[in-house]
Amino acid sequence: MATSTNKTAAFGVKLIHKCHNVTVNGDRYRATITNFFIPELNNQDVQELWFQQDGATCHTARVTIELLKDTFGDRLISHFGPVNWPPRSCDLTPLDYFLWGYVKSLVYVDKPQTLGHLEDNIRRVIAD
């Protein structure tokens, strides 16, 4: 886990360094993805990586979404992407977006009718 975190941190620093003091428009964003991000991904040990972005205009241009769909397929969380970015969620994180919804779906799979049953389901899901 530490190795993955270190790779992510180093990767983010490189990306920020390349974009410092530049207004990001659709063309620049796609150029960064094409010329930097995708080649860096090819150098990393990532399998089935999901890509998540917010609804900034440069992120949601039709050609940008097509580029990202070509790269990530259905593993794209974005406004106009295969997995739509929820509205009014500027600071959404993977835990907010995926984990808690997933846990809730497992907790309520058998529709608990009592508080005790609900608590048991929560404990079971978290323990698993």
Side-chain angles (χ1 to χ4, degrees):
M1 187 71 169
T3 303
S4 175
T5 303
N6 291 340
K7 285 182 181 178
T8 303
F11 189 62
V13 168
K14 288 181 187 176
L15 186 58
I16 290 168
H17 177 71
K18 292 215 178 251
C19 295
H20 186 67
N21 289 329
V22 174
T23 300
V24 179
N25 60 26
D27 291 334
R28 286 189 179 120
Y29 185 65
R30 284 186 300 281
T32 300
I33 291 168
T34 302
N35 299 328
F36 174 75
F37 187 70
I38 293 171
E40 281 294 316
L41 283 179
N42 293 332
N43 293 329
Q44 304 297 321
D45 183 23
V46 292
Q47 301 279 330
E48 299 297 315
L49 178 75
W50 281 76
F51 187 84
Q52 175 182 325
Q53 63 180 7
D54 62 18
T57 305
C58 63
H59 298 170
T60 59
R62 184 174 302 137
V63 291
T64 302
I65 294 298
E66 291 306 315
L67 170 65
L68 292 170
K69 283 180 184 177
D70 289 345
T71 305
F72 297 100
D74 290 338
R75 298 179 324 274
L76 170 62
I77 302 170
S78 175
H79 192 55
F80 304 121
V83 179
N84 201 16
W85 180 273
R88 297 173 295 285
S89 302
C90 60
D91 292 329
L92 191 66
T93 68
L95 289 178
D96 296 328
Y97 186 74
F98 173 75
L99 180 63
W100 302 126
Y102 179 69
V103 167
K104 183 178 176 182
S105 73
L106 296 176
V107 165
Y108 284 94
V109 72
D110 63 352
K111 300 180 181 172
Q113 299 296 310
T114 67
L115 180 59
H117 187 187
L118 176 63
E119 290 172 343
D120 289 343
N121 283 3
I122 292 169
R123 286 185 189 95
R124 178 184 47 79
V125 168
I126 297 302
D128 289 346

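Evaluation of the ring-ring contact (aromatic ring centres under 6.0 Å, His included) rule for His59 yields Tyr29 as partners, not counting sequence neighbours. Take Thr64 and apply the side-chain hydrogen bond (donor to acceptor under 3.5 Å, both in side chains) test, not counting sequence neighbours, and it matches Arg30. Among residues two or more places apart in sequence or in another chain, the side-chain contact (heavy atoms from CB on, under 4.5 Å) test is passed with Asn25 by Asp27, Arg28.
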Output side-chain donor-acceptor pairs under 3.5 Å for residues 65-75, partner residues at least two apart or in another chain, one line each.
from	atom 1	to	atom 2	distance (Å)
Thr71	OG1	Leu67	O	3.0
Arg75	NE	Leu49	O	2.9
Arg75	NH1	Phe72	O	3.4

Show every donor-acceptor pair shorter than 3.5 Å between a side-chain atom in residues 114-127 and any protein atom, with sequence neighbours excluded, or say none if there are none.
from	atom 1	to	atom 2	distance (Å)
Thr114	OG1	His117	N	3.0
His117	NE2	Asp110	OD2	2.9
Asn121	ND2	Val107	O	2.8
Asn121	ND2	Asp110	OD1	2.7

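In terms of heavy-atom proximity, Gly26 sits nearest to Cys58 at N-CB, 3.5 Å.
In terms of modelled atom types and a separation under 3.5 Å, the side chain of Gln53 and the main chain of Phe51 share no donor-acceptor contact. In this structure, Ser105 contributes its side chain and Tyr102 its backbone to a donor-acceptor pair below 3.5 Å.
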Applying side chain to side chain contact (heavy atoms under 4.5 Å, CB included), run through Gln52 and Trp50 and close with a yes or a no. CA-CA 7 Å; Gln52 175 182 325; Trp50 281 76; over 6 Å; no
